[in-house]
Amino acid sequence: MQFLYGVVATLLVMGGGGLIFIFSGIYNVSARDEHSSIETWALHQTMHSSVGARIENIKAPDLNNDEMIRRGARAYDSLCVACHLKPGQDSSLIRDGLNPTPPALTKGGHSTPEKQFWVISNGIKMTGMPAWGGSHDEEAIWELTAFLQQLPELSEQEYSAMAKQSGGESASNHDDGHNHEHGDMSAVMTSSNHHEDEAPKDHGSAGERHGEPGHHDQDDVSGAEDHHTGQEGVMTHADESRDHNADGHSH
């Protein structure tokens with residue numbers, strides 16, 4: 001009985017200590033506060049163990065189909081570049097603000113196709129990784145997975161060619177052939193440092209900055225050439241700078 005009482009008392013103390021920790025505000029949840037080495041290990045190990053326990057029944061199809069890879073490239077350019085980068089890109093505006101930092105998928109060795117499929121489909125809690133399975137079917141998820149197997153070996157030029165539509169435009173503003181909306185991620189795909197290297201632009205009146213006539217000239221946007229890849233139809237750094245600084249702040 002004394003042992004049982006000791007176990008109960010220990011559990012009560014631990015539970016009470018946990019509640020005190022939760023409600024005290026001691027833990028800093030700011031994404032600007034780096035995780036300790038213990039926290040980093042615990043989070044990564046928990047994630048890998050969780051995913052590993054849930055992929056036993058997942059069997060990857062043939063991922064070497066060229067059309068499958070091409071569709072996956074277009075989807076990656078629309079959905080993933082802002083966080084996971086593309087060849088020739090070192091950082092991005094949104095990636096710099098995430099903690100933990102998303103893995104750079106341009107470098108190999110991150111995971112098996114089955115794990116990648118599960119993570120893309122289900123997302124990861126508290127990391128900013130969305131569950132794309134809620135808006136994409138399994139075929140689309142496997143297409144993304146197939147492209148990820150090729151991504152680490154691609155040059156900037158090869159990536160650009162694969163991510164383009166048949167009309168020669170980037171996939172970031174267009175669909176990938178599936179019935180779902182990706183949204184426009186072009187404004188957060190480039191390096192967050194590019195504003196420091198450019199002179200401020202004349203943004204015009206406040207009305208123009210908030211979407212009233214005069215904000216953009218359509219011909220200027222459609223004919224713009226991306227500074228990283230040379231693609232047409234993608235916003236230039238100057239265009240992005242104008243959009244990001246439209247709130248009057250310097251980023």
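By convention here, the first residue in the shown sequence is residue 1. This is a predicted model, so every value here is computed, not measured.
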Handout entry: Pair Phe117-Glu138, side-chain contact (heavy atoms from CB on, under 4.5 Å): steps then yes or no
Key = CA-CA 9 Å; Phe117 174 86; Glu138 286 194 6; 4.0 Å; yes
Are the side chains of [X] and [Y] in touch, meaning some heavy atoms are under 4.5 Å apart?
X: Tyr159; Y: Val81; value: yes
X: Trp132; Y: Val119; value: no
X: Leu12; Y: Val8; value: yes

Minimum heavy-atom distance between [X] and [Y], given as atom pair plus value:
X: Arg95; Y: Cys83; value: NH1-O, 2.9 Å
X: Pro87; Y: Leu151; value: CD-CD1, 3.9 Å
X: His84; Y: Pro103; value: ND1-O, 2.8 Å
X: Gly128; Y: Pro130; value: O-CD, 3.2 Å
X: Pro113; Y: Trp142; value: O-CZ3, 4.0 Å
X: Ala104; Y: Leu85; value: CB-CD1, 4.1 Å

How about [atom1] on [X], more than 12 heavy atoms from neighbouring residues, nucleotides or ligands closer than 6.0 Å, or not?
X: Ile26; atom1: CD1; answer: yes
X: Asp90; atom1: CG; answer: no
X: Glu158; atom1: CD; answer: yes
X: Tyr5; atom1: OH; answer: no
X: Glu56; atom1: CD; answer: no

Practice task
Look at the side-chain heavy atoms of Ile, Leu, Val, Met, Phe, Trp and Tyr, link any pair under 4.5 Å apart, and say whether Leu98 and Leu43 land in one connected group.
Solution key: no
Practice task
Please answer: with hydrophobic residues joined when any side-chain heavy atoms are less than 4.5 Å apart, are Ile58 and Ile120 in the same cluster?
Solution key: yes
Problem - Linked hydrophobic residues, Phe3 as query - side chain contacts closer than 4.5 Å - result: Val7, Leu11
Can you tell me how far apart [atom1] ([X]) and [atom2] ([Y]) are? Round to the nearest 0.5 Å.
X: Asn99; Y: Met126; atom1: CG; atom2: CE; answer: 11.0 Å
X: Met129; Y: Met47; atom1: CE; atom2: CE; answer: 10.5 Å
X: Gln150; Y: Arg70; atom1: CD; atom2: CZ; answer: 14.5 Å
X: Met14; Y: Leu19; atom1: CE; atom2: CG; answer: 12.0 Å
X: Gln149; Y: Thr112; atom1: CD; atom2: OG1; answer: 8.5 Å
X: Leu148; Y: Ile69; atom1: CG; atom2: CD1; answer: 10.5 Å

Counting distance only, does the side-chain N/O of [X] pair as donor-acceptor with the main-chain N or O of [Y] below 3.5 Å?
X: Asp77; Y: Lys164; value: no
X: Thr145; Y: Ile141; value: yes
X: Ser50; Y: Thr46; value: no

Practice task
May I have the step-by-step check of side-chain contact (heavy atoms from CB on, under 4.5 Å) for Leu79 and His136, ending in yes or no?
Solution key: CA-CA 11 Å; Leu79 301 173; His136 295 66; 3.7 Å; yes
Problem - Partner set under side-chain hydrogen bond (donor to acceptor under 3.5 Å, both in side chains) for Ser36, not counting sequence neighbours - result: Glu39
Exercise for the section: Show the numbers, then the answer: is there a side-chain contact (heavy atoms from CB on, under 4.5 Å) between Cys80 and Leu105? Expected result: CA-CA 9 Å; Cys80 311; Leu105 297 182; 5.7 Å; no
Handout entry: Derivation and outcome, side-chain contact (heavy atoms from CB on, under 4.5 Å), residues Tyr27 and Asp33
Key = CA-CA 10 Å; Tyr27 185 77; Asp33 183 54; 5.9 Å; no
